[in-house]
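This report refers to the structure that appears directly beneath it.
Reckoned from all heavy atoms, side chains included, excluding hydrogens, waters and symmetry mates. For this chain, numbers begin at 1 and follow the sequence in order.
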Amino acid sequence: MFNPFAVALLTLEAQRVVELRLMKLAWGGSEGCAEVQQMVSEKVSAFIEASGTLMTGGSCETVVARYREHVAANTQRLTAA
């Protein structure tokens, strides 16, 4: 069964990562450039992982749960001092 609550949480959590990344990009410099490169790399990897999960019979819930793990890791990384 599709869980819209998990999708809503993912949306809210991802918004925080967008905010943190935009702040980092606004500061620019080598850290901003590295963040852009990492972001693009993560997007490609996440797409491949999600596609593989769905092609091998995984559910949308599995994909959403995995994306939430990635988002949580990014939030933790971007808020670390």
Restricting to side chain to side chain contact (heavy atoms under 4.5 Å, CB included), what partner residues turn up for Arg68, sequence neighbours left out? Leu9, Leu10, Glu13, Val64
Leu22 reachable from Val17 in the ILVMFWY side-chain graph, under 4.5 Å edges: no
Co-membership, hydrophobic cluster, residues Val71 and Leu20, 4.5 Å side-chain: yes
Please tabulate, one pair per line, all N/O donor-acceptor pairs under 3.5 Å involving side-chain atoms of residues 23-32, not counting sequence neighbours.
none

Identify the heavy atoms of Phe47 and Tyr67 that sit nearest to each other, and give their distance. N-OH, 4.0 Å
Is there a side chain to side chain contact (heavy atoms under 4.5 Å, CB included) between Gln37 and Ser41 once you walk through the steps? CA-CA 6 Å; Gln37 291 174 346; Ser41 173; over 6 Å; no
Please answer whether the main-chain N or O of Glu49 pairs with a side-chain N or O of Thr53 as donor and acceptor at a distance below 3.5 Å. yes
Check this for me: does any side-chain nitrogen of one of Arg66 and Glu61 sit under 4.0 Å from a carboxylate oxygen of the other? no
Heavy-atom check, side chain of Glu35 versus side chain of Arg21, under 4.5 Å: yes
Which residues pass the salt bridge (Lys or Arg N to Asp or Glu O under 4.0 Å) test with Arg16, sequence neighbours left out? Glu19
Taking every non-hydrogen atom, the tightest pair across Asn74 and Arg77: OD1-NH2, 3.1 Å
Would you say CD of Gln76 has more than 12 non-hydrogen atoms from neighbouring residues, nucleotides or ligands within 6.0 angstrom? no
